[in-house]
Trainee: 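I have a structure I would like to understand better, so I am pasting it below and will then ask my questions one at a time.
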Amino acid sequence: MSTAPGSHASSITGLARTIVFAAFIAVLGIFPGIYAGGSGVPIVLQNVGPLLAGTVLGAPCQPWSPARSWGI
């Protein structure tokens with residue numbers, strides 16, 4: 001089985017990684033936010049998920065990124 005860029009196996013692998021990170025982001029959404037100072041905006045762990053996913057998945061998996069599947 002070939003794992004060259006654009007092959008079916010690498011497409012399945014990229015999709016699987018994206019699904020794992022989408023689930024990871026959803027799990028991070030369970031934890032409540034921390035309100036710092038007088039700001040009405042909480043600091044939540046869910047904000048770390050897309051940063052981590054983008055770092056690990058990188059540009060080769062950009063078509064499968066969670067942001068694209070959510071229509072952002």
Trainee: Specify the closest pair of heavy atoms between Leu28 and Gln46, including all atoms of both residues, with the distance to one decimal.
Mentor: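 Of all heavy-atom pairs spanning Leu28 and Gln46, the closest is CB-CA, 3.8 Å.
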Trainee: Could you tell me which non-hydrogen atom of Phe31 sits nearest to which non-hydrogen atom of Leu45, and how far apart they are?
Mentor: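 Heavy atoms only, the tightest pair is CD1-CD1, 4.0 Å.
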Trainee: If every non-hydrogen atom of Tyr35 is compared with every non-hydrogen atom of Gly40, which pair is closest and at what distance?
Mentor: CE2-O, 3.5 Å
Trainee: Got a sec, which residues hit side chain to side chain contact (heavy atoms under 4.5 Å, CB included) with Val48, two or more places apart in sequence or on another chain?
Mentor: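 Side chain to side chain contact (heavy atoms under 4.5 Å, CB included) check on Val48 returns nothing, list empty.
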Trainee: For the residue pair Ile43 and Ala36, what are the closest heavy atoms and their distance?
Mentor: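 Here Ile43 and Ala36 meet closest at CD1-CB, 3.9 Å.
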Trainee: Rounded at 0.5 Å granularity, tell me how far CG in Leu52 sits from CG in Asn47.
Mentor: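 Rounded to the nearest 0.5 Å, the CG-CG separation comes to 13.0 Å.
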Trainee: How close do Gly33 and Pro42 get, heavy atom to heavy atom, and via which atoms?
Mentor: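 So the minimum-distance heavy-atom pair works out to CA-CB, 4.0 Å.
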